[in-house]
Amino acid sequence: MPNQPDVLEKLVSLCKRRGFIFQSSEIYGGTGSVWDYGPLGVELKKNLKDRWWHAMVRARDDIEGLDAAILMHPRVWEASGHVATFTDPLVDCKNCKKRFRGDDPKIKGTPGTPDAQCPACGMKGTLSEPRLFNLMFKTFMGPVEDSASVVYLRPETAQGIYVNFLNVQQSTRQKVPFGIAQIGKAFRNEITPGNFIFRTREFEQMEMQFFVEPGTEVEWFDYWKQERLKWHQSLGLDEKRLQWHQHTKEELAHYASAAFDITFDFGGTLGFQEIEGVHNRGDYDLRRHQEYSGKKLEYFDQPNNKRFVPFVVETSVGADRTTLAVLVNAYREEAVEGEDEGRTVLALHPSLAPVKAGVFPLVKKDGMPEFANTLATELRQHFPVFYDESGAIGRRYRRQDEVGTPFCITVDGDTMQDGTVTIRDRDTLQQERVAAERVGPYIRERIAV
Ligand code: GAP
């Protein structure tokens, strides 16, 4: 059966039940739009981040990695434009006290006028005029809580890269064009977070800033658009569910002169939504940091004996949002031939699957548990393996299908005679007999990035 139109609700329940994702501080009633990754979720997200790091940093010689701090000098956010312009219009209803973004399409009429209608309680004339609300979280550095000690939780990781541009360039002796990449947390006090891990107040970004000579940015922009689309396809995301969206002038962020989003079709009410932005940021950021810090951020092109402030092409993708895309894309409910009960499957790319193999003795006797346990322990040195000896074999397979385990290995009567085991493929349900010592290389080949 193809994907259902709206699987989000089913995924929220599966993710909690099987230990992928839990509501933050659940025993206290939960924290608004913050989520915790459980044992399987942390593996899934880590595998996704590893694939990005591999593609963007390790497999290339023109991109360097960085891990900049979350807390930065407050002037950074003045220079970046976030203090002045990283705002959303906020509207509240005097009757039901609910809050909305001023541009929420569910609001009928103009907020602040008598004809405007609250989308939650339906009252007319109760919506306030929109006021600008800055999305950055503020805190204080040091023991004194005054305006001089205000610092922000970063709303994007990019600024940590710009302020380290010369440190990285000079220490690695990279020549323009080259990039700097990092993965890290970002925080936004979103007015309307929601849809599970789609829009949250704390999330992870995987960002890369590519520094190029002015005049070559359009060419690099096109190059990075293609590279990033290919990366999403390599995760197994259905090509029909991926689309470009070009930002209109009104949509462009304050730093961008051109922007394209890679959007994914989440189905149901969400439909196509941004998972990654590719931005032409020109020299906006480096110039602003030069101006605010008083330090030159120029590149010296030695062969041509010229200095310039590089232009930047940015690729910025959300680790959590892409994890959700991967889950939605992978979720299936299928009928199984010859069986009354269907199965739920997460058809995850094997490299992303949190557990790579389930190892089962067919029955709990005749030396099978001992054999299977030894095999599981050996395999666990190379990749995550789940050992299970309880219940009917069919049920054990189903439990692994539901969390996306690509291979199930069964130790049976023949194993005890000839040392072979069966390997069941999650997607085709085909079983192959393989010598026990070949299982490790067999799986390693199939889960390679
Ligand atoms: N440095 C550029 C930048 O931050 P953005 O389009 O605001 O650009 C990039 O964000 C990506 O970060 C988005 O495509 C999305 O995947 C992720 N993202 C942004 N806000 C988010 C939120 N509140 N919750 C989850 N992911 C978010």
Side-chain angles (χ1 to χ4, degrees), residues 8 21 24 31-35 37 45 48-49 52 66 68 70 72 76-77 79-82 85-88 101 133-137 152-163 179-210 221 224-225 228-229 231-232 235 237 242-247 251-264 266 270 272-282 284-286 288 312-328:
L8 224 50
I21 299 167
S24 160
T31 317
S33 282
V34 189
W35 298 87
Y37 286 76
K45 187 156 75 139
L48 182 84
K49 290 188 286 185
W52 186 86
L66 181 74
I70 289 173
M72 301 180 75
V76 165
W77 305 109
S80 71
H82 284 83
T85 53
F86 196 54
T87 52
D88 271 346
R101 281 175 60 121
F133 169 78
N134 195 296
L135 300 186
M136 283 197 293
F137 279 94
Y152 300 96
L153 300 188
R154 66 182 176 199
E156 62 170 9
T157 62
Q159 300 303 325
I161 293 181
Y162 300 133
V163 300
I180 306 177
Q182 75 170 329
I183 298 177
K185 291 266 185 171
F187 303 83
R188 295 183 189 176
N189 204 357
E190 301 278 3
I191 298 173
T192 49
N195 289 309
F196 197 25
I197 53 169
F198 177 80
R199 181 171 284 111
T200 53
R201 293 191 169 112
E202 173 178 342
F203 55 97
E204 252 180 309
Q205 288 187 316
M206 306 187 283
E207 295 199 304
M208 191 279 299
Q209 315 298 318
F210 205 71
F221 189 61
W224 279 112
K225 272 176 60 192
R228 296 306 305 147
L229 183 65
W231 183 79
H232 287 281
L235 303 177
L237 293 183
L242 289 167
Q243 255 178 28
W244 286 107
H245 167 72
Q246 180 175 12
H247 281 216
E251 285 175 287
L252 282 178
H254 59 275
Y255 50 73
S257 50
F260 276 81
D261 292 338
I262 297 174
T263 66
F264 172 79
F266 287 88
L270 261 180
F272 277 94
Q273 296 288 341
E274 170 189 350
I275 50 176
E276 167 150 8
V278 182
H279 308 131
N280 179 353
R281 294 179 75 133
Y284 175 85
D285 301 273
L286 290 184
R288 294 273 295 193
V312 169
V313 175
E314 169 184 62
T315 71
S316 175
V317 55
D320 310 88
R321 207 174 272 187
T322 310
T323 299
L324 184 61
V326 158
L327 284 168
V328 167

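Computed from heavy atoms alone, side chains included, the values below leave out hydrogens, waters and symmetry copies. Ligands are counted one by one from 1 in listed order, and the atoms in each one are counted from 1 as well.
Near Phe198, meaning under 4.0 Å from any of its heavy atoms, are these atoms of ligand 1: 24 (N), 25 (C), 26 (N). The distance from ligand 1 to the heavy atoms of Tyr255 drops below 4.0 Å at these ligand atoms: 2 (C), 3 (C), 8 (O). Near Glu314, the atoms of ligand 1 lying under 4.0 angstrom from a non-hydrogen atom of the residue are 1 (N), 2 (C).
Ligand 1 does not have Asp320 within reach: every non-hydrogen atom of the residue lies 4.0 Å or more from it. Within the structure, ligand 1 has Arg281 among the residues with a heavy atom less than 4.0 angstrom away. Ligand 1 has His279 within reach: a non-hydrogen atom of the residue lies less than 4.0 Å from it.
Taking any N or O of Gly318, backbone or side chain, at least one lies under 3.5 Å from an N or O belonging to ligand 1. No N or O atom of Ile197 sits closer than 3.5 Å to an N or O atom of ligand 1.
Atom 16 (O) of ligand 1 has as its closest protein heavy atom Ile275 O, 2.9 Å. Atom 26 (N) of ligand 1 has as its closest protein heavy atom Phe203 CD1, 3.6 Å. In this structure, atom 9 (C) of ligand 1 lies nearest to the protein heavy atom Ser316 OG, 3.0 Å. From the protein, the heavy atom lying nearest to atom 24 (N) of ligand 1 is Thr200 N, 3.0 Å.
Using a cutoff of 4.0 Å between basic side-chain nitrogens and carboxylate oxygens, Arg281 and Glu156 are scored as salt-bridged.
Without hydrogens or angle criteria, Trp35 side chain to Phe196 main chain gives a donor-acceptor distance under 3.5 Å. In terms of modelled atom types and a separation under 3.5 Å, the side chain of Arg201 and the main chain of Asn189 share no donor-acceptor contact. A donor-acceptor pair is defined here as one N or O able to donate and one able to accept, closer than 3.5 Å; no such pair exists between the side chain of His232 and the backbone of Thr263. Between the side chain of Glu207 and the main chain of Thr157, a donor-acceptor pair closer than 3.5 Å is present. Using a distance-only test at 3.5 Å, with no hydrogens or angles considered, no donor-acceptor pair links the side chain of Arg101 to the main chain of Thr192.
The heavy atom nearest to atom 1 (N) of ligand 1, considering only Glu207, Glu276, Arg321, is found in Glu207. For atom 6 (O) of ligand 1, the candidate residues are Arg188, Met206, Gln205, Glu274; the nearest heavy-atom contact is made by Glu274.
For the side-chain contact (heavy atoms from CB on, under 4.5 Å) with Glu314, the lone residue among Phe210, Tyr255, Trp224, Phe221 that qualifies is Tyr255.
For the pair Phe187 and Ile70, the minimum side-chain heavy-atom distance is below 4.5 Å.
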Stepwise, does the side-chain hydrogen bond (donor to acceptor under 3.5 Å, both in side chains) test hold for His245 with Glu251? CA-CA 11 Å; His245 167 72; Glu251 285 175 287; 2.8 Å; yes
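Between Trp77 and His82, the angle of the ring planes goes over 60°, which puts this pair in the perpendicular group of the 30/60° scheme.
Residue-level proximity to ligand 1 for Glu156 is carried by the side chain, the only part with a heavy atom below 4.0 angstrom. Neither the backbone nor the side chain of Asp261 has any atom closer than 4.0 Å to an atom of ligand 1 (non-hydrogen atoms only).
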